[in-house]
Amino acid sequence: MEQNSALHPADIAEEISRLNKGEQHHHFMDYPLEDRLEIFSFLEVDVQYTLIKSMTEQELSELLNNLKPDTRNELLSELPDDLIKYLINLLNEREKQMALELIGYKEDSIARLMTPMYVQVRPYYTVDDVFRHIKVFGRKAETLNFIYVVDEKNVLIDDLKIGQLLLSDGSTKISDLIDYNFASIKASTPMEEAFEIFQKYDRSALPIVTEAGVLVGIVTFDDVLDRIEDRDTEDIQRFGGMEELDLAYTKTPLLQLVQKRAGWLIILFFSEMLTASAMGFFEGELEKAVVLALFVPLIISSGGNSGSQAASLIIRAMALGELKLKDWWYVMKREVSSGLILGGILGAIGFLRILAWHFLGLYDYGPYWIAIGLTVAVSLVFIVLWGTLSGSFIPFILRRFGLDPATASAPFVATLVDVSGLIIYFTVAAFFLQGKLL
């Protein structure tokens, strides 16, 4: 069957993904090897896994030995250990050594995203030498936007834009063009820190070096974007109060979807039982002043909402590198002011609502309506303040202990504030209504 070569590999990958498992292999193998390599890099991991299982040993060997190292490394990192061993043994010696070196880096290091396919030259090359070198070795390079200059020990000493070479005379030596001013990332750098470096320098690719400065690979921005998308997806799912999905939502089996969501829901359910316990503890006060129960949902939801807002802001600021652990006191000072202002606004609205309902005859709060209004207003100030402080401080605590701040999910913060909010509410009520309704 003749394939439509005009389609972009990403579009072809979508077409293959929509086919049933039996058809995916046949459709994929109909394309020439060069096209298959491009298509494979755009496929979801589960589809890649399906294709691998359906290929013959010869087909697998041909594919794996020609895949870009970063694409192959990403695939291997997602597979079971026994399958990784089998696939690596299908590689030729050069590719096998390359794969083992990449897999040897820590899972969260930027080196796991790097590719060793780039163009490097020596300072004594002329511009003409560089272009002859590119014609020989540039075909497999991940990108030709930058040419990397190394010394005799393979230590990176500079990088040059290809445009700079195009505008230079052919006889010009590379040593005359370099200024030793370049950006690089250590291979052991955690991905989160490396993402910030990419953002800082706004580069399409950055070289990866060892502690001694030896050039070992490059990371391109498209690989970084893919990993940032994965990270943000995980954070959003965790923040929603569930475990992160291993596959896309549409491809996750129903039972696995339930499993990912059930754990946190059960934890939050038991946590919310504390709210019921707190309500039971103040049962006597509620019997004496039933009117207090009318405002319980209003009070606790306001605290939970303010906590969720604060947690969202702080977690996102941490993800963008705007906030570090040392900034906790700065954040607390800002959130105290924010909490008091927001609580004051809601408290004023709450008091005016009671006043309006009382004088319009919509509800009779009795002779102590002012005390009830003050109870609601003051409670809102303290509860919103507490919610804001809790939502902003919990991510710092989690980061301090090396945990992902995204696990400070909105439901978790809201549940915490619900329970403590009831205690604050009835404590304030006891102050304003003691001897009146209580």
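Open room surrounds CG on Asp202; 12 or fewer heavy atoms of other groups in view lie less than 6.0 Å from it. Within a 6.0 Å sphere centred on CD of Gln164, heavy atoms belonging to other residues, nucleotides or ligands number more than 12. Around atom CZ of Phe382, no more than 12 heavy atoms belonging to other residues, nucleotides or ligands sit under 6.0 Å away.
Between the side chain of Gln24 and the main chain of Leu19, a donor-acceptor pair closer than 3.5 Å is present. Using a distance-only test at 3.5 Å, with no hydrogens or angles considered, no donor-acceptor pair links the side chain of Thr172 to the main chain of Ser168. No side-chain donor-acceptor contact under 3.5 Å links Asp159 to the backbone of Phe146. The main-chain N or O of Glu57 is never found under 3.5 Å from a side-chain atom of Ser61 such that the two would form a donor-acceptor pair. In terms of modelled atom types and a separation under 3.5 Å, the side chain of Glu59 and the main chain of Thr56 share a donor-acceptor contact. Under a 3.5 Å cut-off, the side chain of Thr189 and the backbone N or O of Lys186 do form a donor-acceptor pair. A donor-acceptor contact shorter than 3.5 Å links the side chain of Asn92 to the backbone of Glu95.
Using a 3.5 Å distance cut-off with no hydrogens or angles, the side chains of Glu211 and Ser188 do pair a donor with an acceptor. Side-chain atoms of Asp169 and Ser171 include a donor-acceptor pair closer than 3.5 Å. Asn66 and Glu34 form no side-chain donor-acceptor contact under 3.5 Å, judged by distance and modelled atom types alone. Under 3.5 Å, the side chains of Thr50 and Asp46 contain no donor-acceptor pair of N or O atoms.
For the pair Arg18 and Glu44, the salt-bridge criterion is not met [side-chain N within less than 4.0 Å of a carboxylate O]. A salt bridge between Arg112 and Glu74 is absent, with no side-chain N of the basic residue lying under 4.0 Å from a carboxylate O of the acidic one. Look at Arg122 and Glu152 and you find no salt bridge, because none of the NZ, NE, NH1 or NH2 atoms lies under 4.0 Å from a carboxylate O.
Between atom CZ of residue Arg399 and atom CD1 of residue Ile315 there is a gap of 9.5 Å, rounded to the nearest 0.5 Å. Rounding to the nearest 0.5 angstrom, the gap separating the CG atom in Leu177 from the CD1 atom in Ile174 is 5.5 Å. Expressed to the nearest 0.5 Å, how far OH of Tyr49 lies from OG of Ser54 amounts to 11.5 Å. Between the CD atom of Gln120 and the OH atom of Tyr125 there is a distance of 8.5 Å, given to the nearest 0.5 Å. Rounded to the nearest 0.5 Å, atoms CG (Leu63) and CG (Leu51) are 8.5 Å apart. Remark: Thr71 OG1 to Phe40 CZ distance equals 9.0 Å, nearest 0.5 Å.
Residues Ala99 and Arg72 come closest through the heavy atom pair CB-NE, 4.2 Å. What you find for Arg400 and Leu325 is that their closest heavy atoms are N-CD2, 3.8 Å. Across all their heavy atoms, Ala310 and Ser392 have their closest contact at CB-N, 3.8 Å. Of all non-hydrogen atoms in Phe28 and Arg36, the two that sit nearest each other are O-CD, 3.2 Å. Summarising the geometry of Thr143 relative to Ala205, their closest heavy-atom pair is CG2-CB, 4.1 Å, with the distance given to 0.1 Å. Closest approach of Ile314 and Pro395 over heavy atoms only: CG2-CB, 4.1 Å.
Residues Thr126 and Asp129 form a side-chain contact, since some pair of their non-hydrogen atoms from C-beta on lies under 4.5 Å apart. Side-chain contact check for Arg94 versus Asn65: every heavy-atom pair is 4.5 Å or farther apart. No side-chain heavy atom of Val336 sits under 4.5 Å from any side-chain heavy atom of Thr388. Between Asp158 and Tyr148, every side-chain heavy-atom pair lies at or beyond the 4.5 Å cut-off. With contacts defined as side-chain heavy-atom distances shorter than 4.5 Å, the pair Lys68/Leu37 does not qualify. Side-chain atoms of Leu380 and Val376, non-hydrogen and from C-beta on, do get closer than 4.5 Å to each other. Between His8 and Phe42 there is a side-chain heavy-atom pair separated by less than 4.5 Å. With a 4.5 Å cut-off on side-chain heavy atoms, Ile300 and Ile383 do not count as touching.
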Verify salt bridge (charged side-chain N to carboxylate O under 4.0 Å, His left out) between Glu196 and Lys324, making sure each step is shown before the conclusion. CA-CA 13 Å; Glu196 294 176 16; Lys324 307 292 183 184; 3.3 Å; yes

Test side-chain contact (heavy atoms from CB on, under 4.5 Å) applied to Val296 and Ile299, step by step: CA-CA 5 Å; Val296 167; Ile299 295 292; 5.8 Å; no

Should Lys135 and Phe131 be marked as a side-chain contact (heavy atoms from CB on, under 4.5 Å) after you check the CA-CA gap, both sets of side-chain angles, and the distance that decides it? CA-CA 6 Å; Lys135 287 180 179 179; Phe131 285 124; 5.5 Å; no

Under the side-chain hydrogen bond (donor to acceptor under 3.5 Å, both in side chains) rule, what do Asn305 and Ser302 come out as? Steps first, then yes or no, please. CA-CA 5 Å; Asn305 291 339; Ser302 297; 5.7 Å; no

Run the side-chain contact (heavy atoms from CB on, under 4.5 Å) check on Val384 and Leu340 step by step: do they pass? CA-CA 8 Å; Val384 170; Leu340 287 173; over 6 Å; no

Mind running side-chain contact (heavy atoms from CB on, under 4.5 Å) on His25 and Lys53 for me, showing each step along the way? CA-CA 9 Å; His25 173 258; Lys53 290 192 296 182; over 6 Å; no

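If you run side chain to side chain contact (heavy atoms under 4.5 Å, CB included) between Met114 and each of Thr220, Val216, Asp70, Asp223, only Val216 comes through.
Between His27 and Tyr31, the two ring planes are perpendicular [angle over 60°; tilted spans 30° to 60°].
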